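Side-chain atoms are counted along with the backbone in the values below, which use heavy atoms only and exclude waters and symmetry mates. No experiment lies behind these values; they were computed from the predicted model shown.
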Amino acid sequence: MNAVIFDMDGVMFDTEKICMLAWDWAGEQMGVGKAGYMVMKTLGMTAKKAIEIIKNEFGNHFDAVKFKQIGKEFSYDYFEKHGVPEKEGLYEILDYLKNKGCKLAVASSTSSDSVHHHLKEKDIEKYFDAVICGDMIEKSKPEPDIYLTACKKLNEKPENCFAIEDSKNGLISAHRAGCKVIMVPDLWQGEEETDKFLYAKCKSLKDVISII
């Protein structure tokens with residue numbers, strides 16, 4: 001195996017819980033009540049696809065773009081005060097893989113500004129040979145496009161790449177691309193449909209080190 005491709009939210013950073021708080025706040029501000037549960041319905045999706053799902057939930061009249069903007073402002077205020085919370089073992093696995101000579105990439109459905117903000121804050125941008133974000137691709141996870149793009153940027157065949165994911169959409173996306181998929185559960189714990197094609201399922205990034 002020559003490369004490892006990381007999802008970001010829920011894998012490298014413990015940000016999905018913050019997003020739930022942010023969308024609870026945004027929902028209350030927009031009169032639909034706590035809407036943090038929508039995070040579970042949009043895990044792994046690009047902003048464009050998430051907006052479609054949000055409109056399906058609250059109606060076409062609902063300003064999903066404003067909803068997401070309010071949520072984003074809440075999240076960034078949290079990150080400004082508390083920093084971006086990293087997942088256990090993040091620095092250890094990045095150091096380990098780089099020392100092994102592995103190529104590394106990020107394949108996140110999150111927008112470029114948020115991805116690069118988080119990577120820069122934690123000073124880990126230097127580890128990655130490619131960073132693919134949700135606004136750089138046409139089709140959202142669970143389609144394989146983002147992982148195929150990451151593999152192309154790394155100049156590696158998908159079968160020679162590990163993909164580390166936490167969401168159903170992300171797992172399916174990586175699998176469809178042909179990568180060897182490792183799940184590190186976060187909010188969603190997995191199910192039989194996805195478990196059957198996993199290379200491994202680990203409790204934390206620290207545990208992944210022993211697998212790779």
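- Panel note: side chain Asn169, backbone Leu43; a donor-acceptor pair is recorded below 3.5 Å.
- Salt-bridge annotation for Lys98 and Asp95: absent, with no side-chain N of the basic residue lying under 4.0 Å from a carboxylate O of the acidic one.
- If you take NZ on Lys48 and CD1 on Ile53, they are separated by 13.0 Å, rounding to the nearest 0.5 Å.
- The number of heavy atoms from other shown groups lying within 6.0 Å of CD (Gln189) is above 12.
- With respect to Glu52 and Lys55, no salt bridge is recorded, no charged nitrogen being found less than 4.0 Å from a carboxylate O.
- Ion pairing of Glu159 with Lys180 is absent here, as no side-chain N (NZ or NE/NH1/NH2) approaches a carboxylate O to less than 4.0 Å.
- When all heavy atoms of Ile164 and Ile93 are compared, the closest pair comes out as CD1-CD1, 4.2 Å.
- The aromatic rings of Phe58 and Phe67 lie tilted to each other, with the angle between the two planes from 30° to 60°.
- In this structure, the side chain of Lys122 engages the main chain of Val84 through a donor-acceptor pair within 3.5 Å.
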Could you check Met183 against Leu171 for side-chain contact (heavy atoms from CB on, under 4.5 Å), going step by step and ending with a plain yes or no?
CA-CA 7 Å; Met183 182 183 186; Leu171 295 171; 3.7 Å; yes

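- Under the 4.5 Å side-chain heavy-atom criterion for ILVMFWY residues, a single connected hydrophobic cluster contains both Leu97 and Leu119.
- In this structure, Tyr147 has its ring center no closer than 6.0 Å to that of His175.
- With contacts defined as side-chain heavy-atom distances shorter than 4.5 Å, the pair Cys179/Pro158 qualifies.
- Salt bridge annotation for Lys141-Glu165: present, with a cationic side-chain nitrogen under 4.0 angstrom from a carboxylate oxygen.
- Minimum interatomic distance between Ala26 and Gly71 (heavy atoms only, all atoms of both residues): CB-N, 3.9 Å.
- Remark: side-chain polar atoms of Ser167 are paired, donor with acceptor, to backbone N or O of Gly170 under 3.5 angstrom.
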Please evaluate residues Ile212 and Ile182 with respect to the criterion side-chain contact (heavy atoms from CB on, under 4.5 Å), reporting the C-alpha separation (whole Å), side-chain torsions for both, the decisive distance (0.1 Å), and the verdict. CA-CA 10 Å; Ile212 299 177; Ile182 298 174; 4.1 Å; yes

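- For the atom pair SG of Cys102 and CD of Glu156, the computed distance is 9.5 Å after rounding to the nearest 0.5 Å.
- Counting non-hydrogen atoms of neighbouring residues, nucleotides and ligands closer than 6.0 angstrom, the NZ atom of Lys17 exceeds 12 such neighbours.
- One hydrophobic cluster holds both Val39 and Phe62 under the rule that ILVMFWY side chains link at heavy-atom gaps under 4.5 Å.
- Trp188 is not connected to Met8 by any chain of hydrophobic side-chain contacts under 4.5 Å among Ile, Leu, Val, Met, Phe, Trp and Tyr, and they are in different clusters.
- Glu80 CD: 12 or fewer foreign heavy atoms inside a 6.0 Å radius.
- Side-chain N or O atoms of Asp129 include one that pairs as donor or acceptor with a backbone N or O of Leu104 at under 3.5 Å.
- Checked by atom type and distance alone, the side chain of Ser109 pairs as donor or acceptor with a backbone atom of Gly44 at under 3.5 Å.
- Salt-bridge annotation for Lys120 and Asp123: absent, with no side-chain N of the basic residue lying under 4.0 Å from a carboxylate O of the acidic one.
- In this structure, Thr46 contributes its side chain and Gly134 its backbone to no donor-acceptor pair below 3.5 Å.
- Shown here for Asp7 and Met12, the closest heavy-atom pair between the two residues is O-CG, 3.6 Å.
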- Could you go step by step and tell me if Glu73 and Asp77 meet the side-chain contact (heavy atoms from CB on, under 4.5 Å) rule? CA-CA 6 Å; Glu73 290 169 0; Asp77 182 62; over 6 Å; no

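- Although no hydrogens or angles enter the test, the distance criterion places no donor-acceptor pair under 3.5 Å between the side chain of Thr194 and the main chain of Gly190.
- Open room surrounds CH2 on Trp25; 12 or fewer heavy atoms of other groups in view lie less than 6.0 Å from it.
- Side chains of Tyr37 and Asp24: a donor-acceptor N/O pair is absent below 3.5 angstrom, by distance only.
- For the atom pair NZ (Lys34) and CG (Leu21), the distance works out to 8.5 Å, reported to the nearest 0.5 Å.
- Val184 and Phe128 end up in the same hydrophobic cluster when Ile, Leu, Val, Met, Phe, Trp and Tyr side chains are linked at under 4.5 Å.
- Atom CG of Asp145 is separated from atom CZ of Arg176 by 10.5 Å, given to the nearest 0.5 angstrom.
- For the atom pair OG1 (Thr110) and CG (Asp9), the distance works out to 3.5 Å, reported to the nearest 0.5 Å.
- Phe79 and Tyr76 have perpendicular rings, their planes meeting at more than 60° on a 0 to 90° scale where under 30° would count as parallel.
- Here Lys201 pairs with Asp195 in a salt bridge; the nearest charged N to carboxylate O distance falls below 4.0 Å.
- For Ser111, the side-chain contact (heavy atoms from CB on, under 4.5 Å) partners at least two apart in sequence or on another chain are Lys72, Asp113, Ser114, Asp135.
- The shortest heavy-atom contact between Lys103 and Leu154 is NZ-O, 2.8 Å.
- A donor-acceptor distance shorter than 3.5 angstrom exists from the side chain of Ser173 to the backbone of Glu143, with no hydrogens or angles considered.
- In plain terms, the two heavy atoms of Ala150 and Ile5 that are nearest each other are CB-CD1, 3.9 Å.
- Contact between Leu90 and Leu205 at its shortest, heavy atoms only, is CA-CD1, 3.8 Å.
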- Message: Does Asp186 form a side-chain contact (heavy atoms from CB on, under 4.5 Å) with Asp14? I'd like the steps, not just the answer.
- Response: CA-CA 8 Å; Asp186 186 49; Asp14 196 10; 3.8 Å; yes

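- Annotation: the span from Glu138 atom CD to Thr149 atom OG1 amounts to 11.0 Å, rounded to 0.5 Å.
- Side-chain contact between Val131 and Lys153 is absent, with no heavy atoms from C-beta onward closer than 4.5 Å.
- Both Tyr91 and Ile211 are members of a single hydrophobic cluster when ILVMFWY side chains are connected at heavy-atom separations under 4.5 Å.
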